[in-house]
**Q** 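Handing you a structure now.
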Amino acid sequence: MVLIGTAGCGAGATAPAPAPERPSPTPSATPVTGPYVALGDSYTSGLRIPPQSGSPQGCGRSGANYPSLVAQRLDLGDFTDVSCSGARTGDLTASQRTDDGTNPPQLDALGAATRLVTLGIGGNDAGFLDVLGRCAIENLRHGLTGEGDDAPCRAYYTTGAGRGEVQQKLAATGERLGTALDEIKRRAPQAEVLLVGYPALLPEDPGRCAGTLGGGIAGADVGFVSQQEQRLNEMLRQRAEAAGVAFVDTYSSSAGHDMCEDAATRWIEPLAAGQGLAPVHPNAQGQQGMAAAVLAALRQRH
């Protein structure tokens with residue numbers, strides 16, 4: 001299904017994604033040590049980014065995803081990546097079936113010896129990409145009939161049939177995430193745990209997406225979707241604080257690198273993704289930017 005128009009967009013030159021740098025040690029710095037275990041969904045696994053590796057192949061793990069880059073920069077040889085495309089919080093403690101193999105429960109990779117854990121999850125539970133799909137449907141319906149609000153997606157979720165749906169899913173996701181974080185701490189009591197947020201998919205200024213999205217979605221609805229992602233990230237931040245773990249903000253550093261930027265600048269692929277890449281997912285530059293955010297968070301704590 002074509003969600004939104006697929007025309008390209010050049011929104012001006014912005015500095016390319018920063019490659020994660022090796023932290024500069026200081027005499028008082030406490031080194032980050034392994035074993036390191038990476039948990040999460042497709043934004044962590046690096047869906048379709050080469051080189052694809054690991055088992056099962058259906059998880060779409062990349063050797064250039066942000067956990068791999070963090071492990072390389074910190075020289076953490078004892079590194080296990082069990083992230084998997086499509087993962088929800090339930091897949092942390094139960095096996096996940098993919099189109100090509102079954103991923104064991106992700107938390108099974110943890111143990112008493114684990115010293116570093118990164119977790120990037122929650123978007124699938126909250127149905128964030130479903131919101132994008134619903135926006136496309138509501139805008140198409142509005143375009144065909146001319147009936148309803150000029151921001152049909154926002155109207156659907158605020159006063160229409162989907163009223164309260166986003167908030168309910170966020171609340172339920174938060175509860176499951178809180179339980180998962182407690183279980184991570186129980187299984188790996190000596191580990192430093194970082195909950196990694198989601199990078200910006202869309203700009204806060206809807207006008208900057210006119211070339212990419214065309215007339216397929218109202219400007220006010222672009223802003224509405226952006227607000228929902230920020231609410232998702234805020235929920236993740238609150239859950240991290242409640243659990244006593246670190247939250248990694250990848251949204252702020254990804255501003256100006258959303259899917260509506262040109263190919264050289266964007267960290268997130270648009271619906272008309274580059275050849276072989278996953279639509280509405282981070283590309284290699286995006287994974288580098290996320291790795292830089294994780295490394296920066298670790299530097300602040302050591």
**Q** Could you pull out the closest heavy-atom pair between S45 and S83, with the gap in Å?
**A**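 Closest approach of S45 to S83: CA-OG, 3.3 Å.
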**Q** Taking the side chain from S85 and the backbone from G60, do they hold a donor-acceptor pair closer than 3.5 Å?
**A** no
**Q** What pairs of residues pass the disulfide (SG to SG under 2.5 Å) test when at least one of them lies in residues 262-302, not counting sequence neighbours?
**A**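 Listed by first then second residue: nothing to list.
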**Q** Between T265 and E261, is there a donor-acceptor pair closer than 3.5 Å when you use the side chain of the first and the backbone of the second?
**A** no
**Q** Could I get the full list of side chain to side chain contact (heavy atoms under 4.5 Å, CB included) partners for R187, not counting sequence neighbours?
**A**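 For R187 the side chain to side chain contact (heavy atoms under 4.5 Å, CB included) partners, ignoring immediate neighbours, are T93, L107, D108, L110, E183.
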**Q** Could you walk me through whether T173 and R176 pass the side-chain contact (heavy atoms from CB on, under 4.5 Å) test, one step at a time?
**A** CA-CA 5 Å; T173 300; R176 292 192 292 270; 3.7 Å; yes
**Q** Please enumerate all residues that pass side-chain hydrogen bond (donor to acceptor under 3.5 Å, both in side chains) together with E234, with sequence neighbours excluded.
**A**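 Once residues adjacent in sequence are excluded, the partners of E234 under the side-chain hydrogen bond (donor to acceptor under 3.5 Å, both in side chains) criterion are Q238.
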**Q** Should T118 and T44 count as side-chain neighbours, where that means a heavy-atom distance under 4.5 Å?
**A** no
**Q** With Y66, which residues qualify under ring-ring contact (aromatic ring centres under 6.0 Å, His included), at least two apart?
**A**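 By the ring-ring contact (aromatic ring centres under 6.0 Å, His included) rule, Y66 matches no residue at all.
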**Q** Can L92 and I121 be said to form a side-chain contact (heavy atoms from CB on, under 4.5 Å), step by step?
**A** CA-CA 10 Å; L92 296 173; I121 207 162; 4.1 Å; yes
**Q** Give me each pair satisfying disulfide (SG to SG under 2.5 Å) with a member in residues 53-106, each pair once, sequence neighbours excluded.
**A** C59-C84
**Q** Could I get the full list of side chain to side chain contact (heavy atoms under 4.5 Å, CB included) partners for T102, not counting sequence neighbours?
**A** S95, R97
**Q** Using the test ring-ring contact (aromatic ring centres under 6.0 Å, His included), find all partners of F79 that sit at least two apart in sequence or belong to another chain.
**A** Y36
**Q** Step through the shown structure and confirm whether more than 12 heavy atoms of other residues, nucleotides or ligands are within 6.0 Å of CG on D99.
**A** no
**Q** Between K169 and E165, is there a salt bridge with N-O shorter than 4.0 Å?
**A** yes
**Q** Apply side chain to side chain contact (heavy atoms under 4.5 Å, CB included) to A284 and list each qualifying residue two or more places apart in sequence or on a separate chain.
**A**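 Testing A284 for side chain to side chain contact (heavy atoms under 4.5 Å, CB included), a comparison that skips the adjacent residues, returns I49.
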**Q** Supply the atom-to-atom distance Q228 CD to L202 CG, rounded to the nearest 0.5 angstrom.
**A** 11.5 Å
**Q** Begin with the C-alpha distance, continue with both residues' side-chain angles, and end with the deciding distance and a verdict on side-chain contact (heavy atoms from CB on, under 4.5 Å) for L298 and V248.
**A** CA-CA 9 Å; L298 286 169; V248 180; over 6 Å; no
**Q** Test your reading of the model: is there a side-chain donor-acceptor pair from T98 to the backbone of G101, 3.5 Å cut-off?
**A** yes
**Q** Quick one: sort the Y198 and Y43 rings into parallel, tilted or perpendicular, breaks at 30° and 60°.
**A** perpendicular
**Q** Any side-chain to backbone donor/acceptor pair from S68 onto A64? Under 3.5 Å, distance only.
**A**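 Here the side-chain-to-backbone pair does not exist.
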**Q** Do any N or O atoms from the side chain of D221 and from the backbone of C153 form a donor-acceptor pair under 3.5 angstrom?
**A** yes
**Q** By salt bridge (Lys or Arg N to Asp or Glu O under 4.0 Å), which residues pair with D249, not counting sequence neighbours?
**A** none
**Q** My understanding is that only residues two or more places apart in sequence, or in another chain, count here; which of them pass side chain to side chain contact (heavy atoms under 4.5 Å, CB included) with Q230?
**A**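 Q230: side chain to side chain contact (heavy atoms under 4.5 Å, CB included) contacts with E204, S226, Y251.
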**Q** With sequence neighbours left out, which residue pairs that include part of residues 166-208 fulfil the disulfide (SG to SG under 2.5 Å) condition?
**A** none
**Q** Do H281 and S42 have side-chain N/O donor and acceptor atoms under 3.5 Å apart?
**A** yes
**Q** Given 3.5 Å as the limit, does a donor-acceptor pair link the side chain of N103 with the main chain of V82, or not?
**A** yes
**Q** Can a donor-acceptor pair be found, under 3.5 Å and without considering hydrogens, that links the side chain of R115 to the backbone of A191?
**A** no
**Q** If you look only at pairs with a residue in residues 267-280, which of them pass as a salt bridge (Lys or Arg N to Asp or Glu O under 4.0 Å), with sequence neighbours excluded?
**A** R266-E269
**Q** State whether the side chain of K185 and the backbone N or O of G244 hold a donor-acceptor pair below 3.5 Å, judged by distance alone.
**A** no
**Q** Do any N or O atoms from the side chain of Q168 and from the backbone of R163 form a donor-acceptor pair under 3.5 angstrom?
**A**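 The answer is no, because no donor-acceptor pair under 3.5 Å joins these two groups.
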**Q** Determine yes or no for a side-chain-to-main-chain donor-acceptor pair under 3.5 angstrom, with R61 supplying the side chain and G46 the backbone.
**A** no
